[in-house]
Amino acid sequence: MSRLLRSTLPLARSESMKLFTARATGTLAAVAILGTWPMAWTNAASAVGVAPDDPRLFSSEPVPLEYQGFEMAGIGYVLVVALAAVWAGSEYGGGTQIRTTLLSTPHRLRVFLMKALLLAITVAAIAFLTMWGTLVITHAAGDTGIDPWALNPAIWAHLGGVTIAWTLTALIAFAIGVLGRTAILPLILVVPLVIGIGDFLAGVWVGAKYLPTAAGAALFSDPTSGIYLDPLAGGLIHTAWAVILLTAAAVAFVRRDL
């Protein structure tokens with residue numbers, strides 16, 4: 001155990017330095033957080049005094065209190081996918097940095113797992129902070145009657161759900177980037193699903209409910225809309241997508257030539 005720890009700590013330190021000192025990480029995290037919060041305030045404040053079924057609202061169907069604010073999740077969602085794509089593909093540019101990484105740590109599976117773990121922790125932190133602030137602002141500015149600092153158990157559960165959904169989707173994008181050895185492929189495949197195509201397809205074709213982003217949306221979206229699976233099924237399917245793609249990416253990372 002001590003030998004494993006001694007060999008893992010330098011890897012964790014070096015990979016952390018790469019991730020946390022990369023300009024893209026700070027920039028995308030800042031835009032996700034600081035871009036979402038003002039929009040949440042504008043969205044919530046503009047609805048004060050307007051009837052819940054007023055057609056001027058984003059939806060003329062009243063949104064249950066425990067789901068209000070989660071419509072703002074799409075902004076940061078795109079950015080964490082971009083972060084995952086960059087993290088997966090950055091070392092393949094020029095074909096030199098990944099070779100240096102594997103020369104210093106020849107245990108390829110350990111490198112892959114460390115990269116995935118650091119990404120998951122980073123995205124979970126960004127997701128939680130972004131959406132927690134969004135919900136506080138939504139209930140404070142919107143005068144909803146919910147204590148914006150205490151929230152309520154249902155809102156906290158949905159906040160956990162959106163954090164899990166962002167993290168799993170980022171891991172899916174990371175896996176696709178590793179499989180393709182480029183940041184472009186996950187941007188092409190995952191971003192359209194995140195910006196609304198996944199939800200649109202889920203509304204017109206039942207099979208699209210099993211796409212990763214639509215399944216993940218069940219963790220924080222109103223199930224009475226009829227678009228999404230129930231939260232447990234959605235969470236399991238989203239997790240299955242992530243596990244399968246990460247497994248395939250790990251096998252490819254370990255076995256193929258660079």
Side-chain angles (χ1 to χ4, degrees), residues 11-36 73-105 108-131 162-198 212-213 216 238 241-254 256 258:
L11 175 62
R13 190 160 40 245
S14 64
E15 292 300 316
S16 297
M17 286 290 291
K18 290 178 191 175
L19 179 59
F20 299 138
T21 60
R23 184 176 301 175
T25 303
T27 300
L28 292 171
V31 173
I33 297 168
L34 301 179
T36 304
I75 302 167
Y77 212 166
V78 174
L79 297 171
V80 296
V81 169
L83 174 60
V86 171
W87 180 232
S90 59
E91 289 203 67
Y92 290 102
T96 56
Q97 189 171 351
I98 189 64
R99 289 190 174 93
T100 303
T101 298
L102 295 179
L103 282 172
S104 61
T105 308
R108 293 189 177 194
L109 181 59
R110 197 175 299 171
V111 172
F112 178 86
L113 293 175
M114 182 59 67
K115 286 180 174 292
L117 176 61
L118 289 172
L119 176 67
I121 293 171
T122 302
V123 170
I126 295 171
F128 183 86
L129 186 57
T130 301
M131 292 309 300
V162 74
T163 300
I164 291 170
W166 280 28
T167 304
L168 290 175
T169 301
L171 289 173
I172 287 170
F174 171 76
I176 293 172
V178 171
L179 286 168
R181 293 194 264 194
T182 176
I184 301 301
L185 189 59
L187 294 177
I188 293 173
L189 295 179
V190 182
V191 168
L193 296 177
V194 169
I195 63 175
I197 292 178
T213 54
H238 201 182
W241 274 100
V243 169
I244 291 169
L245 287 170
L246 283 169
T247 300
V251 171
F253 188 82
V254 168
R256 71 186 170 197
L258 296 176

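Predicted model, so just to flag it, every value in this text is computed and none were measured. Sequential numbering from 1 along the given sequence is applied to the chain's residues. Values reported hereafter were calculated over all heavy atoms of this structure, with side chains retained and with hydrogens, waters and symmetry mates removed.
When all heavy atoms of Val194 and Gly74 are compared, the pair lying nearest together is CG1-O, 4.5 Å. Heavy-atom minimum distance, Ala170 versus Val123: CB-CG2, 3.7 Å. When all heavy atoms of Val178 and Ala88 are compared, the pair lying nearest together is N-CB, 3.9 Å. Nearest heavy atoms, Ala165 versus Gly216: CB-O, 3.7 Å. Heavy atoms only, all atoms of each residue included: Leu187 and Ala82 are closest at CD2-CA, 3.9 Å. For the residue pair Ala84 and Leu119, the shortest heavy atom distance occurs at CB-CD2, 3.8 Å.
Rounding to the nearest 0.5 Å places CD of Glu15 at 5.5 Å from CD of Glu91. Note: Leu28 CG to Thr25 OG1 = 7.5 Å, rounded to the nearest 0.5 Å. Note that CD1 of Ile195 is 13.0 Å distant from CD1 of Ile75, once rounded to the nearest 0.5 Å. For the atom pair Ile121 CD1 and Ile126 CD1, the distance stands at 12.0 Å (nearest 0.5 Å). Residue Thr182 holds its OG1 atom at 12.0 Å from CD1 of Ile176, rounded to the nearest 0.5 Å. Remark: Leu117 CG to Met114 CE distance equals 6.0 Å, nearest 0.5 Å.
Checked against Trp166 for a side chain to side chain contact (heavy atoms under 4.5 Å, CB included), the options Val162, Ile164, Leu168 give a single hit: Val162. Across Leu11, Leu118, Thr21, a single residue satisfies side chain to side chain contact (heavy atoms under 4.5 Å, CB included) together with Ser16, and that is Leu118.
Residues Thr169 and Leu193 are not in side-chain contact: their nearest non-hydrogen atoms beyond the backbone lie 4.5 Å or more apart. Contact of the His238 side chain with the Ile172 side chain is registered, since non-hydrogen atoms from C-beta on lie closer than 4.5 Å.
Listed for the Thr36 side chain is no donor-acceptor partner under 3.5 Å among the backbone atoms of Ile33. A distance-only check finds no donor-acceptor pair linking the side chain of Trp87 to the backbone of Leu19 [under 3.5 Å].
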Extract all donor-acceptor atom pairs below 3.5 Å that involve side chains of residues 243-252 and protein atoms in other chains or at least two apart in sequence.
from   : atom 1 : to     : atom 2 : distance (Å)
Thr247 : OG1    : Val243 : O      : 2.7

